[in-house]
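For this chain, numbers begin at 1 and follow the sequence in order. All values below come from the heavy atoms of this structure, side chains included, with hydrogens, waters and symmetry mates left out.
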Amino acid sequence: MFLTQHARLARLLALAVPAALLGGAYLSEYGFGLYPCEMCWWQRWPHFAAVGLALLAYTVTPRRLWLWLAALAIALSGAIGLFHAGVEYGWWPGITSCAVIAGGGSGNALEDIMNTPLVRCDEPAWTLAGISLAGYNFLVSSAAALAISVLMVKDRNA
């Protein structure tokens with residue numbers, strides 16, 4: 001099936017943006033020790049789905065359906081990022097049980113728990129210009145989902 005320039009760009013965005021955001025998340029985790037809390041993980045799952053859906057758009061018809069679903073998954077991650085950022089900024093209460101213990105992987109669960117930090121969802125691990133990683137996920141994911149949607153509408157009208 002022939003894809004227009006708009007659809008090809010939408011497909012590229014649907015694959016590249018969540019892959020880049022996941023790459024950044026893993027780089028910050030393993031390269032800089034910024035361990036994810038539970039809500040950080042919630043933001044990653046839709047990105048994993050979006051990558052898979054975007055790959056389907058390269059190989060399986062109906063390609064437009066996979067792109068719309070990828071855009072929806074990216075938007076969902078952005079919405080979770082907005083909720084998480086709101087919890088970090090104190091705009092609304094979070095989920096009280098939201099914390100993850102970043103395990104050391106020594107094989108001794110008790111030792112891992114005692115020697116690793118508690119990662120809380122209501123405290124940003126890192127900020128730039130007052131915006132947390134969850135806030136950046138919201139901004140980038142929302143912009144990408146909107147761009148993919150606009151491109152898909154333009155493709156339909158072409």
Side-chain angles (χ1 to χ4, degrees), residues 1-32 34-100 102 119-158:
M1 177 178 150
F2 175 73
L3 290 176
T4 67
Q5 180 181 1
H6 294 118
R8 285 193 304 271
L9 182 55
R11 188 173 61 181
L12 178 64
L13 283 172
L15 180 61
V17 170
L21 288 172
L22 285 168
Y26 282 107
L27 177 65
S28 68
E29 180 179 349
Y30 292 107
F32 301 105
L34 300 176
Y35 296 107
C37 70
E38 187 175 355
M39 283 198 284
C40 293
W41 275 106
W42 295 351
Q43 293 170 74
R44 291 183 190 187
W45 295 119
H47 284 309
F48 286 122
V51 168
L53 291 163
L55 288 172
L56 284 173
Y58 275 92
T59 58
V60 179
T61 57
R63 292 186 170 127
R64 289 181 55 81
L65 172 66
W66 304 125
L67 287 174
W68 279 113
L69 291 173
L72 181 63
I74 294 167
L76 177 61
S77 179
I80 297 168
L82 175 62
F83 177 74
H84 188 185
V87 170
E88 290 173 336
Y89 300 138
W91 297 341
W92 45 71
I95 294 152
T96 58
S97 65
C98 183
V100 171
V119 182
R120 296 176 45 108
C121 293
D122 60 353
E123 295 175 3
W126 179 87
T127 62
L128 177 65
I131 302 172
S132 68
L133 289 172
Y136 280 110
N137 179 52
F138 162 68
L139 294 171
V140 173
S141 295
S142 299
L146 181 63
I148 293 165
S149 299
V150 167
L151 288 166
M152 293 301 292
V153 169
K154 283 184 177 184
D155 176 61
R156 185 178 188 156
N157 294 333

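Shown here for Ala134 and Ala85, the closest heavy-atom pair between the two residues is CB-N, 3.8 Å. Nearest heavy-atom pair, Trp41 versus Pro36, reported as atom, atom and distance to 0.1 Å: NE1-CG, 3.2 Å. Taking both residues in full, the closest heavy atoms of Ala71 and Ile148 are given as CB-CG2, 3.7 Å, listed atom of the first, atom of the second, then distance. Nearest heavy atom pair, residue Val17 against residue Ala144, reads CG1-CB, 3.6 Å. Nearest approach of Leu82 to Phe138, heavy atoms of both residues: CB-CD1, 3.6 Å. Annotation for Met152 and Ala10: closest pair SD-CB, 3.8 Å, computed over non-hydrogen atoms.
Two residues are said to be in side-chain contact when any heavy atoms from C-beta on lie closer than 4.5 Å; Ile80 and Pro46 meet this criterion. Residues Ser141 and Gln43 have side chains not in contact (no heavy-atom distance under 4.5 Å, counting atoms from C-beta outward). His47 is not listed as a side-chain neighbour of Val51, based on a closest heavy-atom distance of 4.5 Å or more. Contact check for Trp68 versus Ser149: side-chain heavy atoms found under the 4.5 Å cut-off.
Checked by atom type and distance alone, the side chain of Tyr58 never pairs as donor or acceptor with a backbone atom of Leu15 at under 3.5 Å.
Of the inter-residue distances, the one linking Met39 atom CE with Glu88 atom CD reads 7.0 Å to the nearest 0.5 angstrom. One distance of note links SG of Cys40 with CH2 of Trp45; it measures 13.0 Å at 0.5 Å rounding. Rounded to the nearest 0.5 angstrom, Leu13 CG and Ile74 CD1 are separated by 8.0 Å. Put simply, CZ on Arg11 and CG on Leu53 are 14.0 Å apart, with the number rounded to the nearest 0.5 Å. Rounding to the nearest 0.5 Å places CG of Leu72 at 11.5 Å from OG of Ser77. Note: Leu9 CG to Leu151 CG = 5.0 Å, rounded to the nearest 0.5 Å.
Classified by interplanar angle (parallel below 30°, tilted 30° to 60°, perpendicular above 60°), the ring pair Tyr26/Tyr30 is parallel.
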Decide side-chain contact (heavy atoms from CB on, under 4.5 Å) for Ile95 and Cys121; before the verdict, give the C-alpha distance in whole Å, the side-chain angles of both, and the deciding distance to 0.1 Å. CA-CA 8 Å; Ile95 294 152; Cys121 293; over 6 Å; no

Evaluate the criterion side-chain contact (heavy atoms from CB on, under 4.5 Å) for residue pair Cys37 and His84; output intermediate values, then yes/no. CA-CA 10 Å; Cys37 70; His84 188 185; 3.3 Å; yes

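Taking the ring centre of Trp66 as origin, the terminal cationic atom of Arg63 falls outside the region bounded by 6.0 Å and 45° from the ring axis.
The number of heavy-atom neighbours closer than 6.0 Å to CH2 of Trp126, taken from other residues, nucleotides and ligands shown, is above 12.
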